[in-house]
Asker: 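Handing you this structure, nothing more for now.
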Number of protein chains: 4
Amino acid sequence: MKEKIQPRKQPSQTRSRERVEKIISATYALLQEQGLAAVTTVHIAKKAGVSVGSVYQYFPNKKAIFVSLYNEYLKDIRSILDDFDNEPYTSMGWEAFFVSLHSKLSEKENEQNILPELEQAFHLYPEMREVDIDHSNVISERIVNFLSRYDFPGSKEKLTRLSHFIYSINGGFWDFRSKISSKYHGEANGWELAAIMGVLTHYRNSLSNNA
Amino acid sequence: MKEKIQPRKQPSQTRSRERVEKIISATYALLQEQGLAAVTTVHIAKKAGVSVGSVYQYFPNKKAIFVSLYNEYLKDIRSILDDFDNEPYTSMGWEAFFVSLHSKLSEKENEQNILPELEQAFHLYPEMREVDIDHSNVISERIVNFLSRYDFPGSKEKLTRLSHFIYSINGGFWDFRSKISSKYHGEANGWELAAIMGVLTHYRNSLSNNA
Amino acid sequence: MKEKIQPRKQPSQTRSRERVEKIISATYALLQEQGLAAVTTVHIAKKAGVSVGSVYQYFPNKKAIFVSLYNEYLKDIRSILDDFDNEPYTSMGWEAFFVSLHSKLSEKENEQNILPELEQAFHLYPEMREVDIDHSNVISERIVNFLSRYDFPGSKEKLTRLSHFIYSINGGFWDFRSKISSKYHGEANGWELAAIMGVLTHYRNSLSNNA
Amino acid sequence: MKEKIQPRKQPSQTRSRERVEKIISATYALLQEQGLAAVTTVHIAKKAGVSVGSVYQYFPNKKAIFVSLYNEYLKDIRSILDDFDNEPYTSMGWEAFFVSLHSKLSEKENEQNILPELEQAFHLYPEMREVDIDHSNVISERIVNFLSRYDFPGSKEKLTRLSHFIYSINGGFWDFRSKISSKYHGEANGWELAAIMGVLTHYRNSLSNNA
DNA sequence: CATGAATGAGTTTTCATTCAT
DNA sequence: AATGAATGAAAACTCATTCAT
């Protein structure tokens with residue numbers, strides 16, 4: 001009974017895969033150029049140079065396209081986090097570690113430039129929130145790992161909340177970027193890092209004081 | 001050609017004003033209780049206890065209702081900023097000042113609880129982004145004033161961007177709150193402050209080092 | 001969650017009632033002239049001289065229109081059965097009674113001419129079968145009453161099945177009528193009665209023989 | 001202009017014939033298991049283990065599949081009628097004859113269990129009614145033959161109508177069966193016979209009285 | 001011949017907006 | 001001014017049929 005929001009097929013390398021790509025990137029382009037309200041299945045199909053029927057051949061419904069688009073983006077983010085998870089970065093102090101992590105992630109984000117509009121889509125359809133939350137959780141879990149490695153104090157729950165918070169700073173940043181000319185994104189990147197470090201430092205200090 | 005999104009009239013004290021209020025708060029309530037998708041003009045009218053026709057008597061279209069609702073919220077925020085603008089808070093250092101400002105604003109936000117859903121509404125229609133940006137600008141301008149008082153270095157443009165960035169942290173925070181149980185909002189409030197202070201400190205230091 | 005198939009409102013005598021009538025009779029006409037496949041909401045609206053929106057003002061979905069159409073017809077049938085239920089017809093023998101009942105019902109059917117196509121609609125949508133079955137049940141129950149009055153033997157369940165069977169002869173008759181020129185409907189009416197009497201007589205005899 | 005609803009070819013013994021069979025029985029199975037609404041060409045093809053393209057190799061359109069399915073069923077019915085036509089059953093009286101005929105046909109129907117759903121398919125598309133009527137005619141013609149053998153009075157036209165009527169009782173019976181548990185079908189079978197005999201007896205008597 | 005991805009007209013339904021009363 | 005029924009454009013989605021491979 002519950003609506004699916006996963007793509008219909010996992011097409012391999014064939015022409016099918018190309019079509020899926022075309023549909024996803026048409027959605028991306030529309031979202032970027034005309035906003036969420038303009039993303040109708042007919043528009044997507046037209047922009048992708050494909051028939052509406054084809055869209056539904058690969059996706060059970062519109063939401064599934066958004067989910068795919070989001071997953072596409074998150075795959076890369078997760079793989080970066082995985083890299084940091086596996087490599088023995090523990091030789092450096094926590095500050096250096098997070099600086100390095102942030103820089104890697106920003107780099108990716110800059111080249112991929114995922115849309116704030118996509119986040120909107122997630123809020124528009126309640127069913128999609130779950131996907132969003134799942135991803136937040138996965139990412140937070142990773143951050144918790146890093147924090148634990150560096151002996152950040154506090155219960156697992158508290159560290160999870162902290163991680164969520166840090167991740168949410170990034171969300172705000174997306175919104176910022178959509179309002180400010182992209183030539184200042186680099187500048188703001190430094191500020192984002194400062195914000196994150198501000199939170200982490202504050203957290204460390206306040207908890208060790210309590211001890 | 002361009003669609004109006006300002007309310008039709010600025011009715012003074014009459015019954016009209018009451019109706020406008022009812023419509024706005026019905027919209028707010030719907031947004032809160034049922035989410036953006038449930039906010040149709042018919043629902044608004046029903047909830048407000050007026051007819052659809054009446055809604056269109058006071059608002060040229062649905063967007064205008066969202067704009068009014070947003071303005072309503074921002075009025076309070078602005079008035080707080082105005083207070084800080086007028087009072088001679090310069091006796092304290094900048095850190096204390098921003099702590100105090102943040103605390104006042106958080107207090108207001110907590111009692112008013114503006115909705116993430118409202119933010120979404122703004123992103124749904126591209127035309128409304130302008131309104132959003134206008135507001136960001138007004139608020140940033142105020143923050144720029146404060147920064148100048150305390151001799152934060154940099155061009156007006158740069159300070160404006162910085163202010164925007166600080167304001168955007170708040171946007172991320174909204175998203176955070178929608179995902180995390182409200183009993184931890186207080187905790188996160190402290191983190192938000194830490195993030196802001198992190199940015200400001202970083203900014204101060206980096207620029208004075210450059211000099 | 002379950003879909004409604006009852007009309008949205010029970011409009012009184014006003015203009016609304018007229019519209020509902022128009023929609024129902026347009027549906028009826030379409031069904032008759034072009035067959036079930038041609039009955040789309042757009043066609044109904046056009047034929048009724050009304051907008052699609054209006055159709056949905058009064059009916060939650062297409063099925064509900066069919067249900068209303070069917071109810072319209074059955075109301076009269078039921079009221080005839082009620083009449084026979086209340087009046088003291090017991091003075092006559094069972095044969096005379098059923099002849100009289102059949103004649104009253106045929107009269108009504110001839111002037112109302114409900115469509116075999118409508119029955120089809122009921123088979124097309126599984127949800128609507130329930131409505132159909134409910135009606136069959138109501139009608140069979142009435143017939144069971146009559147049979148009991150005249151001491152037809154057998155369990156209530158068996159009498160119910162028998163009543164269903166008798167009612168189903170009428171369904172076959174509808175199909176017959178749709179194939180044969182209406183000037184012979186009267187003739188066939190007599191045959192229908194003969195068929196019914198055949199079944200009833202057979203039933204009586206076979207059971208009393210068993211005893 | 002008029003759409004074809006006859007199968008594209010009359011393939012003989014080859015693999016082709018097998019495919020046609022598979023398509024027809026897949027349609028039958030779908031109709032039975034999931035109802036008319038689920039019978040899409042894609043489903044049929046999948047169930048038959050062939051491609052959609054293949055379906056269109058053998059049938060010009062979907063309707064033609066239903067027609068073939070119906071023909072398949074009627075072939076058997078017709079062959080039974082043919083048997084009775086050729087054999088010298090005239091030694092028995094008409095009552096015994098029709099009892100015997102009814103029993104043979106019921107037997108076939110029970111093992112073949114043609115679907116009420118198929119009947120619906122016929123009423124869905126007006127073009128298909130013709131096919132339905134053709135079949136009714138063929139069958140009625142046979143029944144007329146039997147009636148003539150036994151000197152049933154009346155014009156050929158009248159006897160044809162009577163035959164149609166008798167055949168239509170069977171249609172009603174289908175509907176009955178779809179509503180009532182199959183363990184009572186035998187019981188109802190007897191009622192069907194009684195109904196038919198009722199009509200025939202009535203017809204004989206009324207006409208001989210007129211003479 | 002066989003395949004099944006691609007097509008797009010057609011279907012149901014929603015909802016912002018208008019306008020007769 | 002107020003009402004709320006009426007409007008109809010537009011949205012998501014389906015499926016019979018075609019056609020390149």
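Chain A is the first sequence line, chain B the second, and so forth, proteins listed ahead of strands; every chain is numbered from 1. It should be emphasised that the depicted structure is a prediction, and the values quoted were computed from it without experimental measurement.
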Asker: OP1, OP2 of F/dA16 versus side-chain N and O of D/T41: anything below 4.0 Å?
Answerer: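 So the side-chain polar atoms of D/T41 do come within 4.0 Å of the phosphate oxygens OP1 or OP2 of F/dA16, strictly under.
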Asker: Starting at the 5' end of DNA chain E and moving along, which residue's nearest nucleotide shows up first, C/K62 or B/K62?
Answerer: C/K62
Asker: Can you sort out the partners of B/V131 under side chain to side chain contact (heavy atoms under 4.5 Å, CB included), two or more places apart, ordered by chain and number?
Answerer: B/I5, B/V67, B/F122, B/H135
Asker: Pick the nucleotide of DNA chain E nearest each of B/V42 and A/G53; which residue has the one closer to the 5' end?
Answerer: A/G53
Asker: From NZ of C/K22 over to P of F/dA5, roughly how many Å is that when rounded to an integer?
Answerer: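 Taking NZ of C/K22 and P of F/dA5, I get 16 Å after rounding.
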Asker: Looking at C/S54, I'd like to know whether one of its side-chain N or O atoms comes within less than 4.0 Å of OP1 or OP2 on F/dT7.
Answerer: yes
Asker: Does the side chain of C/Y56 get closer than 4.0 angstrom to OP1 or OP2 of E/dT14 through an N or O atom?
Answerer: no
Asker: Please give, in whole Å, the distance from E/dT12 P to C/F66 CZ?
Answerer: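 Rounding to the nearest Å, CZ of C/F66 and P of E/dT12 are 9 Å apart.
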Asker: Rounded to the nearest Å, what distance is computed from the CZ atom of residue A/R17 to the P atom of nucleotide E/dA6?
Answerer: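 Those two atoms, CZ and P, are 14 Å apart.
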Asker: Taking side chain to side chain contact (heavy atoms under 4.5 Å, CB included) as the definition, give me every residue that meets it alongside D/T40, ordered by chain and number, with sequence neighbours left out.
Answerer: D/V42, D/H43
Asker: In whole Å, what is the span from the CD atom of B/E18 to the P atom of F/dA2?
Answerer: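 Atom-to-atom, B/E18 to F/dA2, this comes out as 12 Å.
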Asker: Could you write out DNA chain E as a dot-bracket string, with dots for unpaired bases, | for bases paired across to another strand, and Watson-Crick or G-U pairs counted at under 3.5 Å?
Answerer: .||||||||||||||||||||
Asker: Mind listing the side-chain donor-acceptor pairs of residues 29-38 of chain A below 3.5 Å, one per line with the distance, residues two or more places apart or on another chain?
Answerer:
from, atom 1, to, atom 2, distance (Å)
A/E33, OE1, A/K47, NZ, 2.7

Asker: Could you check whether any side-chain N or O of A/N61 sits under 3.5 Å from a backbone N or O of A/A64, counting only pairs where one atom can act as donor and the other as acceptor?
Answerer: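 Judged by distance alone, yes, a pair lies under 3.5 Å.
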Asker: What's the closest nucleotide to the side chain of B/S51 if the choices are F/dT17, E/dA6, F/dG4?
Answerer: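 Minimum distance to the B/S51 side chain belongs to F/dG4.
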Asker: Tell me, please, which residues at least two apart from C/S68 pass side-chain hydrogen bond (donor to acceptor under 3.5 Å, both in side chains).
Answerer: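 For C/S68, no residue satisfies side-chain hydrogen bond (donor to acceptor under 3.5 Å, both in side chains) once neighbours in sequence are set aside.
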Asker: Is D/R19 near enough to E/dT3 that one of its side-chain N or O atoms lies under 4.0 angstrom from OP1 or OP2?
Answerer: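 For E/dT3, OP1/OP2 do have a side-chain N/O of D/R19 under 4.0 Å.
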Asker: Nearest whole angstrom, please: distance from the C1' of E/dT3 to the CD1 of D/I23.
Answerer: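 Between C1' of E/dT3 and CD1 of D/I23: 13 Å.
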Asker: Which value, rounded to the nearest 0.5 Å, describes the distance between C/T27 atom OG1 and C/L69 atom CG?
Answerer: 6.5 Å
Asker: Starting at the 5' end of DNA chain F and moving along, which residue's nearest nucleotide shows up first, C/G49 or B/V52?
Answerer: B/V52
Asker: Listed by chain and number, what are the side-chain hydrogen bond (donor to acceptor under 3.5 Å, both in side chains) partners of C/E21, not counting sequence neighbours?
Answerer: C/R17
Asker: From CZ of A/F59 over to C1' of F/dT14, roughly how many Å is that when rounded to an integer?
Answerer: 18 Å
Asker: In whole angstroms, how far is the P atom of E/dT13 from the NZ atom of C/K63?
Answerer: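 So the two atoms are 7 Å apart, to the nearest Å.
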Asker: Give a yes/no on whether any side-chain N or O of C/Y58 is located under 4.0 angstrom from OP1 or OP2 of F/dA6.
Answerer: yes
Asker: Rounded to the Å, how far apart are A/I44 CD1 and F/dA12 P?
Answerer: 8 Å
